[in-house]
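Please read the structure below before turning to the comments.
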Amino acid sequence: MTRRFLMAVVTMGSALLTGCDGVVEPRLERDPAPGGSASVASTHQALLSPELEASLACVQGYAEAGTCDWAHWSELWETCETYEHPELEDGLFIAEVQAGRCTSANWTSLREQLVAPRPPSVRVRVNCLADSQVLQEATLDGCYAVTGAQASYFDVPMGTTVTLHAGVDCTGDSTDIDSDTNLCDTSFASGASANDKVRSFRIQSSARRAVPYRYDCADNEPTCVKNFNGRLNQVNKTHTVKVIRVVMDGRVTPSLSEIRGNIREMYDFFDGASHHQVGMRFYPDQTVNVPTTRDCGKAKSQALKKSSSNAQLNVLMMPLGLCEESHGGGRRITLASRLQRDYAHETGHSLGLGHGNKVDANGVFDSSGDPSTYMGTLPSESYNLPQLHWLGWTRKHDLIKINAAIEDGGSTDLTLRPVNRNVDIGSSVALGAVYERSDLGRRLFVAMPKSRTTDVNQIDGGEVFVYRAGMCVGCTGISMGSTVAARIPVKPQQASEPVKGFIADDLYLKQVGVESQPVTENGITVEVFTSVTLRIKRSVPKVLSPAHGSMTSNSLPTYSGRTEPGLTIKVLVDDVRVGIITATDEGTWSFTQPTALAPGLHTVSAKAEDSAGHVSPPSEPHTFTVDTTGN
């Protein structure tokens with residue numbers, strides 16, 4: 001029986017946060033306090049998941065007891081569930097254990113090594129088992145000589161192709177591998193066995209492979225939205241997929257044909273949504289029998305010991321009713337149900353996507369509450385626009401950065417087409433508008449998720465969503481989460497009502513045009529929207545008086561400014577709300593200080609609120625001085 005102790009490195013990034021059962025996704029920072037600042041690095045995945053912390057604490061216990069060694073490896077691997085975390089399964093940890101360096105005295109430095117981002121390595125092992133001794137390793141592209149004649153197993157990071165050669169200097173009979181490979185079952189192109197016959201190998205990272213939708217933003221392209229995902233080449237390729245079906249007496253596990261059918265359906269979506277950048281081929285399946293237990297974790301660890309997870313995506317299907325939740329991350333997804341949504345959700349984690357969340361007008365955060373993405377808990381038909389962009393599935397003209405158009409009081413009218421399932425229809429109309437706050441490391445995406453209302457989820461055709469998402473410069477692992485900050489109806493509830501504008505964080509949006517047509521199917525007529533045109537401005541109101549830096553002898557000054565007509569203005573003096581006023585039809589507002597101000601320095605700022613309760617960030621404070629002495 002082959003014991004599978006090692007899972008390949010996740011070169012889409014060390015997944016600092018993995019799985020759906022207890023995923024902790026750091027929320028994007030809000031505006032900094034006056035006088036403070038937020039670092040762009042705040043959107044990096046700097047936190048470890050509670051599960052990884054628990055696993056590390058468990059390993060530390062073994063180190064302090066003097067039993068973090070090879071003799072106790074199997075027990076440690078199962079007890080501490082190190083197999084659940086790419087940081088502990090990329091070969092470094094097992095190598096340190098084998099070398100006798102997992103000790104109490106060395107634990108602090110070893111822990112830092114384990115959780116630090118590190119380049120993926122190709123590892124050569126001495127026999128055909130994945131946990132055998134490492135003969136050599138290499139990380140950079142190039143040709144390498146095999147330092148011995150015992151090469152029988154290669155660990156190959158995702159996104160890397162290794163060409164094995166029978167001759168020195170990367171010559172002679174050869175074969176390509178792109179995932180962990182047992183050479184006992186591998187042949188050269190000639191048909192000769194590769195086991196113990198590899199004399200050299202060449203590493204070729206997929207970063208050198210062209211990706212159709214990778215593009216650069218030039219300095220003279222202010223509307224270009226840059227994609228900071230450094231793993232696009234590893235996402236957009238043909239994925240190898242392996243099904244590991246776990247069976248247990250007394251429980252039912254879906255059949256291999258059902259599992260494969262669901263995987264094919266998911267990759268049909270990937271094919272269309274990625275514009276044919278993502279493909280799939282199956283590796284041979286495995287069916288693993290495990291002893292009867294009510295413990296999901298124990299059953300899973302037993303299954304992993306009896307199987308090999310050597311594909312880019314390894315689908316571990318558990319017996320139904322045994323595990324409470326599905327989860328994913330790295331190269332493996334573990335499914336607890338037969339729901340199609342679970343396949344796309346957990347595979348999304350493996351591709352680097354975080355959860356799709358939402359927040360209501362009262363600021364109440366609903367984890368995974370976004371119905372417009374598979375990365376929520378509600379039924380969906382696609383990933384949302386920030387996530388599609390992160391995966392490299394949007395073209396340059398699909399997104400329009402609007403910063404230059406709306407700063408300094410400007411506005412822009414932008415026409416958007418529906419995202420739907422992101423199938424390429426050859427349209428030149430944009431999918432979304434993007435407003436960027438590089439000082440906070442975040443973006444606002446504006447998009448129309450669906451063209452028509454269906455019974456799949458709670459989204460109306462033509463409805464506009466505004467998402468918060470990180471710019472994610474240098475992010476790795478499960479990084480591209482998002483939050484729905486506002487939803488804008490395509491039409492008023494009553495036809496006689498005027499179209500209202502809505503606030504979504506830094507933006508004020510008002511629908512100024514739609515294109516739609518009725519479509520009748522099976523005797524039912526629905527309205528199908530082909531585009532919506534939005535007028536977009538900054539939502540922050542302006543304070544005009546008192547002027548910044550001015551002086552007044554009036555201890556009851558009148559504050560005034562401009563905003564959008566009909567919005568509610570909250571006036572803050574010295575960071576305390578002193579009054580609320582509704583803007584006029586011309587967009588002006590004024591409010592007189594209700595109680596006398598003490599002599600000295602004061603500040604005034606304002607926030608705007610729409611009819612749905614969405615509130616803008618505060619305006620820049622105006623500083624003024626009250627001097628009643630007459631001097």
Q. For Val315 and Leu335, what are the C-alpha separation, side-chain angles and deciding distance, and is it a side chain to side chain contact (heavy atoms under 4.5 Å, CB included)?
A. CA-CA 7 Å; Val315 180; Leu335 299 176; 3.7 Å; yes

Q. Of Asp268, Val241, Leu313, Thr347, which is the lone residue that meets side-chain contact (heavy atoms from CB on, under 4.5 Å) with Ile263?
A. Val241

(Q) Tell me the closest heavy-atom pair linking Tyr343 and Ile333, and the distance in Å. (A) O-CD1, 4.3 Å

Q) Excluding sequence neighbours, so at least two apart, what forms salt bridge (Lys or Arg N to Asp or Glu O under 4.0 Å) with Asp176? A) none

Q: Measure the shortest side-chain to side-chain distance between Glu527 and Lys491 over non-hydrogen atoms and say whether it is less than 4.5 angstrom.
A: yes

Q: Compare all side-chain heavy atoms of Arg214 with those of Asn236 and state whether any distance is below 4.5 angstrom.
A: no

Q. Is the side chain of Asp460 donor-acceptor paired with the backbone N or O of Pro489 at a distance under 3.5 Å, no angle test?
A. no

Q: Please report the closest heavy-atom contact between Gln511 and Val490, naming both atoms and the distance.
A: NE2-O, 2.6 Å

Q.
For the backbone of Ala273 and the side chain of Asn422, can you confirm whether one donor and one acceptor N or O come within less than 3.5 Å of each other?
A. yes

Q) Is Ser616 reaching over with its side chain to a backbone N or O of Lys607, donor-acceptor style, under 3.5 angstrom? A) no

Q: In plain terms, say whether Arg452 and Glu521 are close enough for a salt bridge, that is, a side-chain N and a carboxylate O under 4.0 Å apart.
A: yes

(Q) Check whether Ser539 reaches the backbone of Asp506 with its side chain - one donor and one acceptor, N or O, closer than 3.5 Å. (A) yes

(Q) Classify the ring geometry of His345 against His349: parallel below 30°, tilted from 30° to 60°, perpendicular beyond 60°. (A) perpendicular

(Q) Could you check whether any side-chain N or O of Thr373 sits under 3.5 Å from a backbone N or O of Gly376, counting only pairs where one atom can act as donor and the other as acceptor? (A) no

Q: Please confirm whether the backbone N or O of Met280 pairs with a side-chain atom of Thr238, one donor and one acceptor, at under 3.5 Å?
A: no

Q. How far apart are the closest heavy atoms of Leu353 and Ile478, and which atoms are they?
A. O-CG2, 3.3 Å

Q | Chi angles and distances behind the salt bridge (charged side-chain N to carboxylate O under 4.0 Å, His left out) call for Arg417, Asp398 | A | CA-CA 9 Å; Arg417 60 185 170 90; Asp398 284 335; 3.0 Å; yes

Q | Heavy-atom side-chain proximity of Asp285 to Arg245 below 4.5 angstrom | A | no

Q) Does the pair Ile459 and Phe465 meet the rule for a side chain to side chain contact (heavy atoms under 4.5 Å, CB included), with working shown? A) CA-CA 10 Å; Ile459 302 175; Phe465 277 41; 3.9 Å; yes

Q: State which residue, out of Leu431, Leu534, Thr533, Val429, fulfils the side-chain contact (heavy atoms from CB on, under 4.5 Å) condition with Leu416.
A: Leu534

Q: If a pair satisfies ring pair (Phe, Tyr, Trp, His ring centres under 6.0 Å) and one of its residues is in residues 390-428, list it, with sequence neighbours excluded.
A: Phe270-Trp393

Q | Leu378 to Arg341 - nearest heavy-atom pair and separation | A | O-CD, 3.6 Å

Q: For side chain to side chain contact (heavy atoms under 4.5 Å, CB included), just list the numbers for Arg468 and Val359, CA-CA rounded to whole Å, side-chain angles, deciding distance to a tenth of an Å, and then say yes or no.
A: CA-CA 10 Å; Arg468 296 189 199 118; Val359 62; 3.7 Å; yes

Q.
Using every non-hydrogen atom in the two residues, find where Tyr383 and Met375 come nearest and quote the distance to one decimal.
A. CE2-SD, 3.7 Å

Q: Please answer whether the main-chain N or O of Thr415 pairs with a side-chain N or O of Ser531 as donor and acceptor at a distance below 3.5 Å.
A: no

Q) Do Asp610 side-chain atoms and Ala612 backbone N/O form a donor-acceptor pair below 3.5 Å? A) yes

Q. Do the ring planes of His389 and Tyr215 sit parallel (below 30°), tilted (30 to 60°) or perpendicular (above 60°)?
A. tilted

Q. Within a reach of under 6.0 Å around NZ of Lys396, are more than 12 heavy atoms found that belong to other residues, nucleotides or ligands?
A. yes

Q: May I ask you to check whether Tyr374 and Gln340 show a side-chain donor-acceptor distance below 3.5 Å?
A: no

(Q) Using the ring centroid of each side chain, check whether Phe282 and Tyr267 are separated by less than 6.0 Å. (A) no

Q: Could you tell me whether Gln458 atom CD has more than 12 heavy atoms of other residues or ligands within 6.0 Å of it?
A: no

Q.
Give me the atom names and distance for the closest heavy-atom approach of Ser121 to Thr139.
A. OG-CG2, 3.0 Å

Q | Arg395 atom CZ, neighbour heavy-atom count above 12 within 6.0 Å | A | yes

(Q) Any non-hydrogen side-chain atom of Leu399 less than 4.5 Å from a side-chain atom of Leu385? (A) yes

Q. Should Asp505 and Arg437 count as an ion pair when the cut-off is N to O under 4.0 Å?
A. no

**Q.** Gln234 side chain vs Arg231 backbone, donor-acceptor pair below 3.5 Å
**A.** no

Q. With side chains defined as the heavy atoms from C-beta onward, is the minimum distance between His239 and Leu351 less than 4.5 Å?
A. yes

Q: Could you give me the CA-CA distance, side-chain angles and deciding distance for Met480 and Leu391, then say whether side chain to side chain contact (heavy atoms under 4.5 Å, CB included) is met?
A: CA-CA 9 Å; Met480 183 44 65; Leu391 293 172; over 6 Å; no

Q: Would you please test Asp370 and Lys358 for salt bridge (charged side-chain N to carboxylate O under 4.0 Å, His left out) and show each step?
A: CA-CA 5 Å; Asp370 177 8; Lys358 72 174 183 179; over 6 Å; no

Q: Give a yes or no on whether the backbone of Ala336 and the side-chain of Ser326 come within a donor-acceptor separation of less than 3.5 Å.
A: yes

